[in-house]
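Inspection log for the structure reproduced underneath, given as structure tokens.
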There are 2 protein chains.
Amino acid sequence: MRDYATLLNESGLKATFQRMQLLENIDKYGHMSVDDIYAEVVKTHPSLSLATVYKNIILMVENGVLVEVPIDGKKSKYELAKEDHIHLVCTECGDVEDKPHMQETDTLLHTLTNNEHFKLKKQQINLYGVCEKCQIEEAS
Amino acid sequence: MRDYATLLNESGLKATFQRMQLLENIDKYGHMSVDDIYAEVVKTHPSLSLATVYKNIILMVENGVLVEVPIDGKKSKYELAKEDHIHLVCTECGDVEDKPHMQETDTLLHTLTNNEHFKLKKQQINLYGVCEKCQIEEAS
DNA sequence: CTGACTGCAAACGTTTTGCACGGTA
DNA sequence: TACCGTGCAAAACGTTTGCAGTCAG
């Protein structure tokens, strides 16, 4: 388990119990919506307010601790900030899986944007389809 | 100009005046949010209802006429369905520019997903940064 | 100790819904 | 003509805000 308190402090945020709970759960599940996070944390901390979850997610995105993952036709999910990677989004179950980013693609994207005089800040590659688990369930 | 009536009919939708107006404007501007579309069409057709815009966008996405482009921290935009391409999203002015998809990248993505036994349906590559126009404005 | 954070409840804006009327095929 | 689509108004929903009490640094 990572040291969330240090992560928060280094990002200029106070390490409150609520924030550490949010980070712990997002880390555990990988990708969560606001509701997912609230539902999970409220189990062990019933006085948690949904407003607190909203406030902190916005704050942690602004401070680079979390990254938003917007998804077609659904609510955004959030993940811990880490190196660039690809998202495999299952259109059946909604799960998001990370895949390491490929060097070749990365190079191509940078070349493309440089040619366009576009100052690239962040890349987002989402692949939508049906994950292996849901394909098996469909077949049965 | 495309023949929107035919496009709609072939997609199983009636070619109403409102739907053709939506398509015409989305085609003209490239990428628009629900509000953008409503604001533009209502200029020439003041009785247009925002509810009609919502209903039709949902319908046209379901029928493959439009494609949703979800954007970090903002409302989704919509574009006419066409071959795969890359989006350059300007974080300053919000504009979205299309870039042709690269064959090499496409091949890599298919290889990756096949290896994962992931049934790829749709790819979405969004690059966030500052467009040339906004870079020039920042410098001045 | 003090400013920042939390929980609550109310406010806000966006999206959806039901229904009577009008238009397309 | 029959059914689908539209516009309107209300409802539902998600998100944000203000504030008084609490807590981390």
Side-chain angles (χ1 to χ4, degrees), chain A residues 3-26 32-63 65-66 68-78 94, chain B residues 3-26 32-63 65-66 68-78 94:
Chain A
D3 181 353
Y4 305 116
T6 304
L7 174 61
L8 285 166
N9 286 327
E10 287 178 349
S11 303
L13 299 171
K14 288 191 177 178
T16 65
F17 176 79
Q18 290 82 346
R19 287 177 185 165
M20 304 227 275
Q21 290 291 308
L22 301 200
L23 291 178
E24 199 170 304
N25 277 276
I26 294 170
M32 301 178 91
S33 69
V34 172
D35 295 337
D36 293 339
I37 298 167
Y38 175 73
E40 197 60 31
V41 178
V42 84
K43 285 184 191 171
T44 56
H45 192 247
S47 70
L48 177 71
S49 163
L50 184 55
T52 298
V53 179
Y54 275 106
K55 287 171 186 168
N56 280 314
I57 285 176
I58 293 169
L59 207 60
M60 292 196 275
V61 168
E62 283 174 354
N63 286 274
V65 178
L66 294 182
E68 181 180 356
V69 185
I71 298 177
D72 267 32
K74 299 198 188 169
K75 296 213 265 181
S76 289
K77 298 199 175 200
Y78 298 87
Chain B
D3 181 354
Y4 304 116
T6 305
L7 175 61
L8 286 166
N9 285 328
E10 287 178 349
S11 303
L13 299 172
K14 287 191 179 176
T16 65
F17 175 78
Q18 290 84 344
R19 286 175 186 167
M20 304 226 275
Q21 290 291 307
L22 301 200
L23 291 178
E24 199 171 305
N25 277 277
I26 295 170
M32 300 178 91
S33 69
V34 171
D35 294 337
D36 294 339
I37 297 167
Y38 176 72
E40 198 59 32
V41 179
V42 84
K43 285 183 190 170
T44 56
H45 192 248
S47 70
L48 177 73
S49 163
L50 184 55
T52 299
V53 178
Y54 274 106
K55 287 171 185 168
N56 280 314
I57 286 177
I58 293 168
L59 206 59
M60 293 196 275
V61 168
E62 283 174 356
N63 287 274
V65 178
L66 295 180
E68 180 180 356
V69 185
I71 298 177
D72 267 33
K74 298 198 188 169
K75 295 213 263 183
S76 289
K77 299 198 174 199
Y78 298 87

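Chain A is the first sequence line, chain B the second, and so forth, proteins listed ahead of strands; every chain is numbered from 1. Everything quoted here is computed from the prediction, not taken from an experiment.
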Discussion item. Using the rule given for side-chain contact (heavy atoms from CB on, under 4.5 Å), can you reason through A:Tyr38 versus A:Leu48, listing the C-alpha separation, both sets of side-chain angles and the distance that settles it, and then say yes or no?
Written reply: CA-CA 8 Å; A:Tyr38 175 73; A:Leu48 177 71; 3.8 Å; yes
Worksheet entry | Heavy-atom closest pair, residues A:Ala15 and A:Met20 | CB-SD, 4.3 Å
Between the protein and nucleotides 7-13 of chain C, which nitrogen or oxygen pairs come in under 3.5 angstrom?
| unit_1 | atom_1 | unit_2 | atom_2 | d |
| --- | --- | --- | --- | --- |
| C:dG7 | OP1 | A:Gln18 | NE2 | 3.2 |
| C:dG7 | OP1 | A:Ser47 | O | 3.4 |
| C:dG7 | OP2 | A:Ser49 | N | 3.2 |
| C:dG7 | OP2 | A:Thr52 | OG1 | 2.8 |
| C:dG7 | O5' | A:Ser47 | O | 3.4 |
| C:dG7 | O6 | A:Lys55 | NZ | 2.7 |

Worksheet item: Going by atom types alone, do B:Asn9 and B:Thr6 pair a side-chain donor with an acceptor below 3.5 Å?
Response: no
Worksheet item: Where along nucleotides 20-25 of chain D does protein come under 4.0 Å, by heavy atom, of base (B) or sugar-phosphate alone (S), with - for untouched nucleotides?
Response: ----BS
Worksheet item: Tell me, do A:Glu40 and A:Asp36 make a side-chain contact under 4.5 Å, heavy atoms counted?
Response: no
Practice prompt. Take atom CZ of B:Arg19 and atom C1' of D:dG7, then tell me their distance rounded to the nearest Å.
Written response: 14 Å
Discussion item. Under a plain distance cut-off of 3.5 Å, with no hydrogens placed, do A:Glu68 and A:Ser76 share a side-chain donor-acceptor pair?
Written reply: yes
Worksheet item: Can you check side-chain contact (heavy atoms from CB on, under 4.5 Å) on A:Leu59 and A:Arg19, steps first, answer last?
Response: CA-CA 10 Å; A:Leu59 207 60; A:Arg19 287 177 185 165; 3.3 Å; yes
Discussion item. From CG of A:Asn56 over to P of D:dT16, roughly how many Å is that when rounded to an integer?
Written reply: 13 Å
Worksheet item: Nearest-Å distance, CG (A:Leu8) to C1' (C:dA4)?
Response: 14 Å
Practice prompt. Apply the test side-chain contact (heavy atoms from CB on, under 4.5 Å) to residues A:Leu23 and A:Leu8: give CA-CA distance (whole Å), side-chain angles for both, the deciding distance (0.1 Å), then the verdict.
Written response: CA-CA 10 Å; A:Leu23 291 178; A:Leu8 285 166; 3.8 Å; yes
Worksheet entry | Between C:dC5 (C1') and A:Leu50 (CG): distance, integer Å | 16 Å
Discussion item. Expressed as a whole number of angstroms, how long is the span from A:Ile58:CD1 to C:dC5:P?
Written reply: 14 Å
Response to the item:
To the nearest angstrom, the CD1-C1' distance between B:Ile37 and C:dT14 comes to 15 Å
Discussion item. Are the side chains of B:Gln21 and B:Ile37 in contact, using a 4.5 Å heavy-atom criterion?
Written reply: no
Discussion item. Please report the distance, rounded to the nearest Å, between CG in A:Leu59 and C1' in D:dT17.
Written reply: 15 Å
